[in-house]
Amino acid sequence: MDVIDMHNHFIAPEVIEFLAREGKHFATRIVERDGRRFFLIQEKAMRPIDGPISNAQARIVDMEREGVTAQAVSCVPFLMYPDADTAAALAIAQVNNDAMVALGARDPGHFVPLASVPMQNPAAAAKELERAAKLGLRGVEIPPKVVERQLDEPEFEVFWEAAESLRMVICIHPFEAAPAGALGRYFLGNLVGNLYDTGLAAALLIYGGVLERHPDLRIVLYHAGGALPALVGRLDMGYRLVPECRAAIPRPPSSYANQFYFDIIAHSRGMLGHLVKTYGADRLVVGTDYPLPAGLAHPVEEVKALGLDAVDESKILAANARHLLRL
């Protein structure tokens, strides 16, 4: 059985070495706690360094145990650094992308790496995306916003044009190092804030006409689409009632759903069943958030629990990912 995990994270050793030298430019430093190493970001958020997050060989044992054939590996989201200056962001993106290319070359059977790009400068992001595509990377992970700049703003057109022409799948992943207000409590920055950011980004891509102008874009919304699946009905209502919501698109927001894919990290089988029923099995891909604890430990079990026929099950487990990654 073929299973491709479209949502998991890796910190290449080359990136660790780079940040050990240059971390001051990213408000990031390496600290030790109880014999383990962590990145400390903005003196607030800690992320682990050791273990399978940075050891490709150690991942394979876990993959084989869970029946995962291959991982479409992306960097941990804080490494996208949307608040860094362009030169620094481009430098770490290039270190990451070169390391990801090397990882894929060493073990193409297990790893299909994705790129990162400096979205704070859309022209530089487009240029780095072109370089990554030439090197053999099959997609790119981007944040849902760049500080307070939104992805439907005109300056990002150059990036969307490049992604569409290069046929690079775009995977949207949120990250907020220091959530403010209520989102700073109860881990809600992750539990709620991430879903909000993803849903808002998707709504803007629809209403802003990005998907209308670029019909061949294919976008994966991590964490089961974030808030978008719960918002689609209201977005259609807005299209009917609010002139601004019709200014850039000629048809209802729900009709653009076929340009989005959702991973299975819903933590609710009922929600996964709703996604299959509403959008079809050809819109879902396996995701785990491996090796982070908030992900799915048993992804194949989650898909099989949906009780789908063999064709739809195989779409979610691997066929959709193969299509997106052009494998």
Side-chain angles (χ1 to χ4, degrees), residues 5-81 84 88-89 91-116 137 141 143 171 173-179 187 189-191 194 222-223 263 265 286-299:
D5 177 3
M6 282 288 297
H7 177 184
N8 58 90
H9 300 295
F10 183 69
I11 307 173
E14 296 92 331
V15 172
I16 297 171
E17 293 172 7
F18 176 83
L19 284 174
R21 298 191 310 269
E22 306 292 337
K24 60 182 179 292
H25 300 297
F26 302 90
T28 300
R29 61 190 179 92
I30 295 174
V31 298
E32 289 195 13
R33 297 286 188 275
D34 300 321
R36 298 179 61 202
R37 294 184 304 161
F38 297 84
F39 283 119
L40 180 60
I41 306 131
Q42 297 180 13
E43 297 299 316
K44 294 180 180 179
M46 291 183 64
R47 292 296 182 269
I49 293 176
D50 300 322
I53 194 76
S54 60
N55 185 327
Q57 193 62 34
R59 302 166 78 92
I60 295 173
V61 174
D62 293 337
M63 291 167 64
E64 291 177 345
R65 185 183 63 249
E66 292 301 323
V68 174
T69 314
Q71 293 178 334
V73 188
S74 59
C75 69
V76 291
F78 79 81
L79 292 175
M80 293 185 284
Y81 287 114
I92 195 167
Q94 291 182 331
V95 170
N96 178 68
N97 293 340
D98 290 347
M100 288 294 201
V101 169
L103 172 64
R106 287 194 301 271
D107 193 347
H110 285 111
F111 302 115
V112 184
L114 307 179
S116 60
L137 299 182
E141 179 186 45
C171 300
H173 196 304
F175 174 76
E176 184 65 57
F187 199 51
N190 180 290
L191 301 178
N194 280 357
Y222 285 156
H223 311 115
D263 74 15
I265 308 177
V286 169
T288 63
D289 227 341
Y290 176 92
L292 303 176
L296 290 181
H298 310 297

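None of the values given here were measured: they were computed from a predicted structure.
In this structure, the ring-ring contact (aromatic ring centres under 6.0 Å, His included) partners of Phe78, at least two apart in sequence or on a different chain, are Phe39, Tyr81. In this view, Glu22 and His25 satisfy the side-chain hydrogen bond (donor to acceptor under 3.5 Å, both in side chains) rule, not counting sequence neighbours. Here Ala89 pairs with Ala84, Pro118, Gln120 under the side-chain contact (heavy atoms from CB on, under 4.5 Å) rule; sequence neighbours left out. Taking the salt bridge (Lys or Arg N to Asp or Glu O under 4.0 Å) definition, one finds that Arg65 meets it with Asp62, sequence neighbours left out. For Pro299, the side-chain contact (heavy atoms from CB on, under 4.5 Å) criterion is met by Glu66, Val68, Ile264, Val286, Thr288, not counting sequence neighbours. Shown here are the side-chain hydrogen bond (donor to acceptor under 3.5 Å, both in side chains) partners of Thr69, two or more places apart in sequence or in another chain: Asp2. Taking Ala297 as the reference, nothing meets the side-chain contact (heavy atoms from CB on, under 4.5 Å) condition, with sequence neighbours excluded. The side-chain hydrogen bond (donor to acceptor under 3.5 Å, both in side chains) test applied to Asn194 returns no partner, not counting sequence neighbours. With sequence neighbours excluded, the residues satisfying side-chain contact (heavy atoms from CB on, under 4.5 Å) with Ala12 are Phe10, Glu14, Val15, Ala99. Considering only residues two or more places apart in sequence or on other chains, Tyr222 meets the ring-ring contact (aromatic ring centres under 6.0 Å, His included) condition with His7, His173. Applying the side-chain hydrogen bond (donor to acceptor under 3.5 Å, both in side chains) test to Glu176 and every residue at least two apart in sequence or in another chain returns nothing.
Counting all heavy atoms, side chain and backbone alike, His9 lies closest to Leu292 at CD2-CD1, 3.9 Å. Between Ser54 and Ile16 the shortest heavy-atom distance is CB-CD1, 3.8 Å. Nearest heavy-atom pair across Cys75 and Asn96 is CB-OD1, 3.7 Å. Among all heavy-atom pairs drawn from Ala177 and Ala45, the shortest one is O-CB, 3.5 Å. Looking at every heavy atom in both residues, Gly109 comes nearest to Ala70 through O-CB, 3.7 Å. Among all heavy-atom pairs drawn from Gly287 and Ile265, the shortest one is O-CG1, 3.4 Å.
You'll find the side chain of Arg47 stays beyond 4.5 Å of the side chain of Val76, heavy atoms only. Ile92 places a side-chain heavy atom less than 4.5 Å from the side chain of Leu79.
Taking CG of Asp107 as the reference point, atom CZ of Arg59 lies at 11.5 Å (rounded to 0.5 Å). Distance CZ/Phe38 to CD1/Ile53: 11.5 Å, rounded to 0.5 Å. Considering CG of Asp289 and CG of Asp5, their distance stands at 9.0 Å, rounded to 0.5 Å. In this structure, the separation between CG on Leu137 and OG on Ser116 is 9.0 Å, given to the nearest 0.5 Å. How far CG of Asn97 is from CG of Leu114: 10.0 Å, rounded to the nearest 0.5 Å.
Under a 3.5 Å cut-off, the side chain of Asp263 and the backbone N or O of His223 do form a donor-acceptor pair.
Legend: side-chain hydrogen bond (donor to acceptor under 3.5 Å, both in side chains) pairs involving residues 32-46, not counting sequence neighbours, sorted by first then second residue: Arg29-Glu43, Arg37-Asp50, Gln42-Asp83.
Screening His110, Met63, Met6 against Gln71 for a side-chain contact (heavy atoms from CB on, under 4.5 Å) leaves a single residue, Met63.
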